[in-house]
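Working notes for the structure below.
Order of appearance sets the numbers: ligands from 1, and atoms from 1 within every ligand. Quick caveat: nothing in here was measured; it's all calculated off a predicted structure.
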Amino acid sequence: MTTTIFHGLLVDTPTDPFTGGTLRAEQAALTVTDGVIRARGTLAEARNALPDAPVVALAGVVLPGLVDTHVHFPQLRIIGGLGLPLLDWLERCALPEEARMADPGYAARVAGEFTSGLLAAGTTTALVFGAHYASATDALFRAAEATGLRMTAGLVVGDRHLRPDLHTTPERAAIDSAELISRWHGRGSLRYAVTPRFALSATEELLRSCAEVLALAPDLFVTSHVNENPAEVAAVEELFGTSYTEAYHRAGLLGGHTVLAHNVHAGDAELALLAETGTAVSHCPSSNSSLGSGLFPMRRHLEAGVRLALGSDVGGGTGLSLFKEGLQAYFHQQLRPDGVPLTAAHLLHLATRAGAAALDLPGVGHLGVGASFDAIEVDPPAGTTLAAVLAHAPGPDEALAAIFAGGTSADISRVWTSGVSAHTRASQAA
Ligand SMILES: [Zn+2]
């Protein structure tokens, strides 16, 4: 049993700002035993209780580790493909790179860059789109295990409208998925997500085989895309003769362990169906702007009672930082006539606790007793603009807003998952 006391300015959102909750910001000490926060109080209290425990002083602002609920591992190296709408971008930028994942060595190198990149960006928990190849998806799980990233991920499957070398069959998809589930689901902090790429690339038979895979083990997840771009939505409706959301529902793929990305162009009946089934939506604002998909209708989601979280959607999104996604979510709402006025507390909640809730991880996304010590130290280098802003911030709300406005991976000095150091700025520079 190992115990460490961490103390500093701790900022989190234990209560939901969308339903009246507020930011919690206080100088406090956390007593962390075997990765879990066992006590929270003053430093004197912690030291009195455990005089021999080592004490780690945290600088700057300490936040819960960030939770990215939609990001594609095989797209790391093609970030920045600007200027194309979704379906053209897929064909010209994303899918050629995804086909390179057939080479296990290439995939392993990208998996290393991807998992270390997420941790450097302060993301300690992620729902990740794997590759279309089982060997590459296996490499992703190995990289996550090696780095301490808390990850839910799966083999991406499609059997039409992609490049032929990315196609599988319902039978092969089920066999490959079952093998990965037996190897990785429930191992440490890793879990498996059944991952049809999107309804456009899936026959009804493939979607049904995905639902059958769900029965193979408890607590499996489902993730996919929905209602991202008008041309895509029209194509799905024509193929299935129903709404995009209903296509997944008919196959038995909606529920409390399902996270669908985007939902920029959702009908009212679809929102009601998502709410009724407990399906969560991952809002990916940078990607929605970059691919010209549209401004996210957050108010309609909230009024319908749909659960929301945040995703970077790399490589449609333009980087791994959830600070940027929080800021872009704020921009989207500022630009919509019916926009939700988001505060820094809302952005932090979306980037932490809401994501953890979407992933059914109650012990993640906050810094209270019982939570895993997944945390990030935001301490900008001396002499930078953000350091100057934080040094003069009138209070924690303003400091947090400044972090979302200007923070990057370079401002994150240390990262822990389950109480273990997972990244330090110095080690990356070395
Ligand atoms: Zn995506």
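Between H225 and H70, the two ring planes are perpendicular [angle over 60°; tilted spans 30° to 60°].
Protein N/O/S atoms found under 2.8 Å from the Zn ion (ligand 1), listed by chain and residue number: H70 NE2, H72 NE2, H225 NE2, D313 OD1.
If you run side chain to side chain donor-acceptor pair (under 3.5 Å) between N227 and each of H262, H265, E270, only E270 comes through.
At a cut-off of 3.5 Å, with distance as the only test, no side-chain donor of D374 or T417 sits close to an acceptor on the other residue.
Cation-pi geometry between R197 and Y248 is not met: the NZ or CZ atom fails to fall both under 6.0 Å from the ring centre and inside 45° of the normal. With Y106 as the aromatic partner, R77 meets the cation-pi criteria of under 6.0 angstrom to the ring centre and within 45 degrees of the ring axis.
Separation of the H72 and F129 ring centroids falls under the 6.0 Å cut-off.
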